[in-house]
Enquirer: 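Below you'll find the structure I mean.
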Amino acid sequence: MKILVATEKPFAAVAVDGIRKVVEDAGFELELLEKYSAKQELLDAVATADGLIIRSDIVDNEVLDAAKQLKIVVRAGAGYDNVDLAAATAHNVVVENTPGQNSNAVAELVFGMAVMAVRNMYNGMSGTELKDKTIGIHAFGQVGRNVARIAKGFGMTVEALDPYCPDEAMSEAGVKPVHSIDELYANNRFVSIHIPATPETKGSIGYDLISSMPKGGVLINTARKEVIDEAGLARALDARPDLKYIADIRPDTADALKEAFGDRVFFTPKKMGAQTSEANINAGIAAAHQTVEFLRDGVARFQVNK
Ligand code: 3PG
């Protein structure tokens, strides 16, 4: 049986070596498709795959139609909005993610970008510190919890909003639970977004929330571009020259935002939150184990398309 690793944005080589070892030790064959530029390359490669390991690679109905032998897709990472779950279910294909495996990497980048923002993009002008400032964590999942841990190390006061997380879990982590999105944005000088892109969250953060942030507010998005209402963001930045928007995912209107707001906005060239060797090893090898366990033993540990 063959397991295809299809990553338009490749894992670190050391992670690929680890994945290969897991797959080959289990007696399966590994095929690697990295940095592909045309969808046809994926369609061709997936035709003979029994298992598929991906990152943010798109797995839609066309890919599933081409994948005649496919039984499982494992998204090496957290968010699975790049996989058409209904189509996978219709094709009898199990979809899993690898929760938590790359969360520290993303959380560390939040602070890399927060420091950069308050030190004026390192332009040499006097900036501000994170210590004694407030940070609101929008969703207290695996990344949000790591953000809280690191924020406390910086000496920040931490609040979080997450209807799916009990207050006690936040309190135990030294985080104040808040129960309304309005409160989260209005209370906190920094807000770090960690919600998934779903029909409910798409476009849900716009002018009202962003313009309610305290003076000198910095909105940090290492989640998904789709959760931002970009027109509302532009209006808020226009109305409030003290606000900044820093993102690890390039908005659709990136060029216009950059032109209008200069160094008050920042976007990484390519999503790089999870792009560390550690995160690649953790998520990649977990994905390899999960794929092997499913193909060999029929065990689906983190299925998301039930
Ligand atoms: C995730 O959902 O796990 C992160 O957004 C990382 O995505 P990536 O594997 O494409 O870097």
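All ligand and atom numbering here is 1-based and tracks the order in the structure. Excluded from the calculations below are hydrogen atoms, water molecules and symmetry mates; all remaining heavy atoms, backbone and side chain alike, are included.
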Enquirer: Show me the side-chain donor-acceptor pairs of residues 228-235 shorter than 3.5 Å, one per line, residues at least two apart or across chains.
Expert:
{"from": "Asp229", "atom 1": "OD1", "to": "Ala231", "atom 2": "N", "distance (Å)": "3.2"}
{"from": "Asp229", "atom 1": "OD1", "to": "Gly232", "atom 2": "N", "distance (Å)": "3.1"}
{"from": "Glu230", "atom 1": "OE1", "to": "Asp252", "atom 2": "N", "distance (Å)": "3.2"}
{"from": "Glu230", "atom 1": "OE1", "to": "Thr253", "atom 2": "N", "distance (Å)": "2.8"}
{"from": "Glu230", "atom 1": "OE1", "to": "Thr253", "atom 2": "OG1", "distance (Å)": "2.5"}
{"from": "Glu230", "atom 1": "OE2", "to": "Asp252", "atom 2": "N", "distance (Å)": "3.0"}

Enquirer: Could you go through ligand 1 and list every pair where one of its N or O atoms sits under 3.5 Å from a protein N or O, giving the atom names and the distance to one decimal?
Expert:
{"from": "ligand 1", "atom 1": "2 (O)", "to": "Arg75", "atom 2": "NH2", "distance (Å)": "3.2"}
{"from": "ligand 1", "atom 1": "2 (O)", "to": "Gly79", "atom 2": "N", "distance (Å)": "2.8"}
{"from": "ligand 1", "atom 1": "2 (O)", "to": "Arg224", "atom 2": "NH2", "distance (Å)": "2.8"}
{"from": "ligand 1", "atom 1": "3 (O)", "to": "Ala78", "atom 2": "N", "distance (Å)": "2.6"}
{"from": "ligand 1", "atom 1": "3 (O)", "to": "Asn102", "atom 2": "ND2", "distance (Å)": "2.9"}
{"from": "ligand 1", "atom 1": "5 (O)", "to": "Arg224", "atom 2": "NH1", "distance (Å)": "2.9"}
{"from": "ligand 1", "atom 1": "5 (O)", "to": "Arg224", "atom 2": "NH2", "distance (Å)": "3.4"}
{"from": "ligand 1", "atom 1": "5 (O)", "to": "Lys271", "atom 2": "NZ", "distance (Å)": "2.7"}
{"from": "ligand 1", "atom 1": "7 (O)", "to": "Arg75", "atom 2": "NH2", "distance (Å)": "3.0"}
{"from": "ligand 1", "atom 1": "7 (O)", "to": "Lys271", "atom 2": "NZ", "distance (Å)": "3.0"}
{"from": "ligand 1", "atom 1": "9 (O)", "to": "Arg55", "atom 2": "NE", "distance (Å)": "2.9"}
{"from": "ligand 1", "atom 1": "9 (O)", "to": "Arg55", "atom 2": "NH2", "distance (Å)": "3.4"}
{"from": "ligand 1", "atom 1": "9 (O)", "to": "Arg75", "atom 2": "NH1", "distance (Å)": "3.1"}
{"from": "ligand 1", "atom 1": "10 (O)", "to": "Lys9", "atom 2": "NZ", "distance (Å)": "3.3"}
{"from": "ligand 1", "atom 1": "10 (O)", "to": "Ser56", "atom 2": "OG", "distance (Å)": "2.5"}
{"from": "ligand 1", "atom 1": "11 (O)", "to": "Lys9", "atom 2": "NZ", "distance (Å)": "2.8"}
{"from": "ligand 1", "atom 1": "11 (O)", "to": "Arg55", "atom 2": "NH2", "distance (Å)": "2.9"}

Enquirer: Assess the pair Phe140 and His194: is the distance between their ring centroids shorter than 6.0 Å?
Expert: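 Ring-ring flag for Phe140/His194: false, centres at least 6.0 Å apart.
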Enquirer: Is any side-chain heavy atom of Asp65 closer than 4.5 Å to a side-chain heavy atom of Val63?
Expert: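 They are not in side-chain contact.
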Enquirer: For the residue pair Phe154 and Phe111, does the interplanar ring angle fall in the parallel (under 30°), tilted (30 to 60°) or perpendicular (over 60°) class?
Expert: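 Taking Phe111 first and then Phe154, their aromatic rings lie parallel (interplane angle under 30°).
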Enquirer: What pairs of donor and acceptor atoms, side-chain ones from residues 174-181 against any protein atom, are under 3.5 angstrom apart with sequence neighbours left out?
Expert:
{"from": "His179", "atom 1": "NE2", "to": "Asp167", "atom 2": "OD1", "distance (Å)": "3.0"}
{"from": "His179", "atom 1": "NE2", "to": "Asp167", "atom 2": "OD2", "distance (Å)": "3.0"}
{"from": "Ser180", "atom 1": "OG", "to": "Glu183", "atom 2": "N", "distance (Å)": "3.0"}

Enquirer: For residues 261-268, run the donor-acceptor check on the side chains, cut-off 3.5 Å, and write out each pair with its distance to 0.1 Å, sequence neighbours left out.
Expert:
{"from": "Arg264", "atom 1": "NE", "to": "Pro241", "atom 2": "O", "distance (Å)": "3.2"}
{"from": "Arg264", "atom 1": "NE", "to": "Leu243", "atom 2": "O", "distance (Å)": "3.1"}
{"from": "Arg264", "atom 1": "NH1", "to": "Leu237", "atom 2": "O", "distance (Å)": "3.4"}
{"from": "Arg264", "atom 1": "NH2", "to": "Leu237", "atom 2": "O", "distance (Å)": "2.7"}
{"from": "Arg264", "atom 1": "NH2", "to": "Arg240", "atom 2": "O", "distance (Å)": "2.8"}
{"from": "Arg264", "atom 1": "NH2", "to": "Leu243", "atom 2": "O", "distance (Å)": "3.2"}
{"from": "Thr268", "atom 1": "OG1", "to": "Asp248", "atom 2": "O", "distance (Å)": "3.1"}
{"from": "Thr268", "atom 1": "OG1", "to": "Asp248", "atom 2": "OD1", "distance (Å)": "2.7"}

